[in-house]
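Reviewing the structure listed below.
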Amino acid sequence: MHVDVQNGRRYLPAMNAVLRENYEAPMLTIEAVEAHLDALHTGQNELREDVRELRADNKSLRDKLDALDQKLSDKVTALDQKLSDKVTALDHKLSDKILQLSDSVSSLHGMQKAILWVISGFGSLGLVGKILHWF
């Protein structure tokens, strides 16, 4: 970087700064400050646009998630109802089979009692026949 000397001031063209003699810091020119401010305003405007786009994308994603959540909730509700209907039908079917089995067991229980009575009767008849010497 070269330094031009003009009227007791040193000028650095690459930095747009003027150096004062004896321990003074470099100062930016008004044009350089304005250029930096313009760049900052441009960057700030771009940042605002980016934030607006992100908000719009965020709202869009939120809407999509809400729609997906509603769709999944509807499917879960439908599957729950379907499963509940199947369980109710199976319960009814099992109840009918249990009633039929219970009726069958009851009839077998009655037949078992009848057989026991008949065997007891024959046993008693045989015992009486032995005692009275019928046999």
- request: With sequence neighbours excluded, tell me which residues meet salt bridge (Lys or Arg N to Asp or Glu O under 4.0 Å) with Lys75.
  value: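 Not a single residue meets the salt bridge (Lys or Arg N to Asp or Glu O under 4.0 Å) criterion with Lys75.
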
- prompt: Which residues pass the salt bridge (Lys or Arg N to Asp or Glu O under 4.0 Å) test with Asp96, sequence neighbours left out?
  reply: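 Residues passing salt bridge (Lys or Arg N to Asp or Glu O under 4.0 Å) with Asp96: none at all.
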
Using distance only, find each side-chain donor-acceptor pair of residues 64-73 under 3.5 Å and give its atom names and separation, not counting sequence neighbours.
unit_1 : atom_1 : unit_2 : atom_2 : d
Gln70  : NE2    : Asp74  : OD1    : 2.9
Ser73  : OG     : Asp69  : O      : 2.9

message: Between Ser102 (side chain only) and Ile98 (backbone N and O only), is there a donor and an acceptor less than 3.5 Å apart?
response: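 It does not hold such a pair.
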
- request: Can you establish whether the number of heavy atoms outside Ile30 located under 6.0 Å from its atom CD1 is more than 12?
  value: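 Atom CD1 in Ile30 is not crowded, with 12 or fewer foreign heavy atoms closer than 6.0 Å.
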
Could you tabulate the donor-acceptor pairs under 3.5 Å formed by side-chain atoms of residues 115-128, not counting sequence neighbours?
unit_1 : atom_1 : unit_2 : atom_2 : d
Ser120 : OG     : Leu116 : O      : 2.8
Ser124 : OG     : Ser120 : O      : 2.9

query: Roughly how far, to the nearest 0.5 Å, is the CG atom of Leu37 from the NE2 atom of His41?
result: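 If I round to the nearest 0.5 Å, the distance is 5.5 Å.
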
query: In chain order, what residues pass the side-chain hydrogen bond (donor to acceptor under 3.5 Å, both in side chains) check against Asn58, with sequence neighbours excluded?
result: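 side-chain hydrogen bond (donor to acceptor under 3.5 Å, both in side chains) list for Asn58, sorted by chain: empty.
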
- prompt: Would Glu46 and Thr42 satisfy side chain to side chain contact (heavy atoms under 4.5 Å, CB included), going step by step from the backbone distance to the final call?
  reply: CA-CA 6 Å; Glu46 289 174 358; Thr42 303; 3.8 Å; yes

Solution key, residues 48-57 side-chain donor-acceptor pairs under 3.5 Å, sequence neighbours excluded:
none

